[in-house]
Amino acid sequence: MPELPEVESTRRRLVPSMVRARITAVDLRRPDLRGPFPRRFAARLTGQTVNALDRRAKYLVASLSSGETLLMHLGMSGSFRTLPDGPARRAEALDPHDHVVFHMSSGRAIVFNDPRRFGMMELVAAGKLARHAVIGRLGPEPLSSNFDGAALARACRGKKTSLKAALLDQRVVAGLGNIYASEALHIAGISPTRRASILATASGAPREAAHRLADAVRFVLEKAIARQSPGTYRDDRFLVYDRAGERCSKDGCSGVIKRRVQTGRSTFFCPVCQR
DNA sequence: ATTGAGACCTGTCGGC
DNA sequence: TGCCGACAGGTCTCAA
């Protein structure tokens, strides 16, 4: 379930048991996750204090007392849960897809579960994060002041690929995934198949659609994060995602939601109100 | 350099 | 019921 909103709510959920707590032990139950898994991963983490837990795009970024950074990605099917540390040391409390367990001095255990194992963990040396091959090339955070119509237009200038594909490119905007890319295009009323370059003039200045799309991106993500806060009503119906064949919900629109495949991923859109 | 196809891995669901 | 293909919220690598 992980796009930016899910990663962000995961982060918020983990902060109380993880931040300012020491890693007392790491149980690496299955080390063949994606990414350059350092040798002696567990030993290098053990004894370190987590000074902060941040998010960049869909990555969780744990700052460690050594100055190193622990990067964590949920892939397609990853999730974290916490439980009291004692029970987490008993095998029967864990499932076969619980691959990593961090035992924390807070008395909590943080368990990484990932059936498909597209998830990733990587220990990055102090000072190397900004030049990291992926992190260093990420586009703006969509909820930050660095992201607006002008930034989006600049990133899409001259791009021959579709707008849908451009929104999934983490160098254009960091953290959007397949669901919210479709949702944002629907809110903005723009067809997912149009070329990304239409957002900018030849000189790279933003056209009106760029502002509308950037606003829609921000809107869907903020709404999704708010919806997932603990204790709030969770309404996870989407406007278009996974709703092929249903009526478009936009006021006054008589369209029917269509599904099509773009660069190998499903796109959902209304052919009537998205032009 | 940019772009799209295929690969990675497991689970679930719908159709026959 | 069981088998089989299609599909799943991500990203990496490779070749055109």
Side-chain angles (χ1 to χ4, degrees), chain A residues 1-11 29-37 55-61 71-80 94-100 112-122 124 132-139 142 154-186 192-200 204 217 220-221 223-225 227-228 234-245 258-269:
Chain A
M1 48 173 205
E3 292 190 33
L4 185 152
E6 293 77 19
V7 179
E8 177 59 22
S9 54
T10 297
R11 186 193 72 79
R29 310 180 75 236
R30 174 143 196 183
D32 53 338
L33 304 178
R34 187 173 61 85
F37 236 78
R55 181 191 54 73
R56 178 77 171 102
K58 297 168 199 165
Y59 290 84
L60 290 168
V61 182
L71 282 181
M72 295 171 281
H73 197 291
L74 300 176
M76 286 282 260
S77 58
S79 64
F80 281 96
L94 301 173
D95 120 353
H97 299 305
D98 287 340
H99 304 312
V100 185
F112 178 65
N113 181 285
D114 185 10
R116 291 178 76 179
R117 287 187 286 123
F118 290 168
M120 181 282 261
M121 287 199 189
E122 180 180 355
V124 181
H132 184 273
V134 173
I135 302 292
R137 289 176 174 79
L138 287 171
R154 229 179 295 126
C156 289
R157 177 185 179 185
K159 268 194 175 297
K160 292 194 171 71
T161 191
S162 67
L163 270 174
K164 166 71 180 334
L167 288 179
L168 291 180
D169 184 341
Q170 302 295 296
R171 296 165 306 182
V172 170
V173 51
L176 263 197
N178 202 41
I179 292 179
Y180 297 110
S182 280
E183 295 291 291
L185 285 161
H186 181 256
T193 61
R194 301 198 68 188
R195 282 190 174 203
S197 59
I198 63 148
L199 296 186
V217 165
V220 281
L221 295 177
K223 196 160 127 253
I225 291 172
R227 237 173 15 201
Q228 293 185 16
R234 187 183 153 92
D235 158 46
D236 54 0
R237 288 312 310 257
F238 302 112
L239 296 169
V240 288
Y241 185 81
D242 205 20
R243 296 189 61 176
K258 293 269 184 292
R259 170 187 182 269
R260 64 176 290 164
V261 175
Q262 291 182 282
T263 58
R265 319 289 311 274
S266 289
T267 300
F268 298 88
F269 67 107

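Within a 6.0 Å radius of CZ in A:R29, more than 12 heavy atoms belonging to other residues, nucleotides or ligands are found.
The separation of B:dA5 from C:dC7, taken at their P atoms, amounts to 15 Å, rounded to a whole angstrom. The same atom, P, is picked in B:dA7 and in C:dG5; the two are 16 Å apart, to the nearest Å. One P atom belongs to C:dC14, the other to B:dC9, and the distance between them is 15 Å to the nearest Å. For the P atoms, the distance from C:dA6 to B:dG6 is 14 Å, rounded to whole Å.
A:D114 is not listed as a side-chain neighbour of A:H97, based on a closest heavy-atom distance of 4.5 Å or more. Residues A:L4 and A:P142 meet the side-chain proximity criterion, which asks for heavy atoms closer than 4.5 Å. Side chains of A:T10 and A:S79 form no contact here, defined as non-hydrogen atoms less than 4.5 Å apart. Within the 4.5 Å cutoff, the side chain of A:L163 has heavy atoms near those of the A:I198 side chain.
In this structure A:H73 satisfies the ring-ring contact (aromatic ring centres under 6.0 Å, His included) test together with A:Y59, sequence neighbours excluded. Partners of A:Q170 under the side chain to side chain donor-acceptor pair (under 3.5 Å) rule, at least two apart in sequence or in another chain, do not exist in this structure. Every residue was checked against the ring-ring contact (aromatic ring centres under 6.0 Å, His included) condition with A:F269, not counting sequence neighbours, and none meets it. With sequence neighbours excluded, no residue satisfies salt bridge (charged side-chain N to carboxylate O under 4.0 Å, His left out) with A:R259. Listed by chain and number, the residues in a ring-ring contact (aromatic ring centres under 6.0 Å, His included) with A:F80 are A:F112 (sequence neighbours excluded). A:R117 pairs by the salt bridge (charged side-chain N to carboxylate O under 4.0 Å, His left out) definition with A:D32, not counting sequence neighbours. The salt bridge (charged side-chain N to carboxylate O under 4.0 Å, His left out) check on A:R194 picks up nothing, with sequence neighbours excluded. For A:R116, there are no side chain to side chain donor-acceptor pair (under 3.5 Å) partners two or more places apart in sequence or in a different chain.
Taking atom CZ of A:R137 as the reference point, atom C1' of C:dT11 lies 14 Å away to the nearest angstrom. For A:R55 and C:dG10, the CZ to P distance is 14 Å, given to the nearest whole Å. Rounded to whole Å, atom P of C:dG9 lies 10 Å from atom CG of A:L168. Computed from coordinates, the A:M76 CE to C:dC7 C1' distance equals 9 Å when rounded to whole Å. For the pair A:H99 NE2 and B:dC9 C1', the interatomic distance rounds to 10 Å; values are reported in whole Å. Atom pair A:F238:CZ and C:dA8:P shows a separation of 13 Å (rounding to whole Å applied).
Checking the phosphate oxygens (OP1, OP2) of C:dT11, a side-chain nitrogen or oxygen of A:Q170 falls inside 4.0 Å. Distances shown here put every side-chain N or O of A:R265 at or beyond 4.0 Å from the OP1 or OP2 atom of C:dT11.
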Hey, what are the protein-to-nucleotides 10-14 of chain B N/O distances that come in under 3.5 Å?
unit_1 : atom_1 : unit_2 : atom_2 : d
B:dT10 : OP1    : A:R117 : NH2    : 2.5
B:dG11 : OP1    : A:H97  : NE2    : 2.6

Are any protein N/O atoms closer than 3.5 Å to N/O atoms in nucleotides 12-15 of chain C? If there are, list each pair with its distance.
none

Identify all pairs in which a protein N or O lies below 3.5 Å from an N or O of nucleotides 2-5 of chain B, and state each distance.
unit_1 : atom_1 : unit_2 : atom_2 : d
B:dT3  : OP1    : A:K160 : N      : 2.7
B:dT3  : OP1    : A:T161 : N      : 3.2
B:dT3  : OP2    : A:K159 : NZ     : 2.9
B:dG4  : OP2    : A:T161 : OG1    : 2.7

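Side-chain contact annotation: A:S197 with A:K159, donor-acceptor N/O pair under 3.5 Å absent.
B:dC8 has A:F118 stacked on its base ring, the centres lying under 5.5 angstrom apart and the planes within 30 degrees of parallel.
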Pairs under 3.5 Å (Watson-Crick or G-U), crossing ones as [ ], inter-strand ones as |: DNA chain B comes out as .|||||||.|||||||
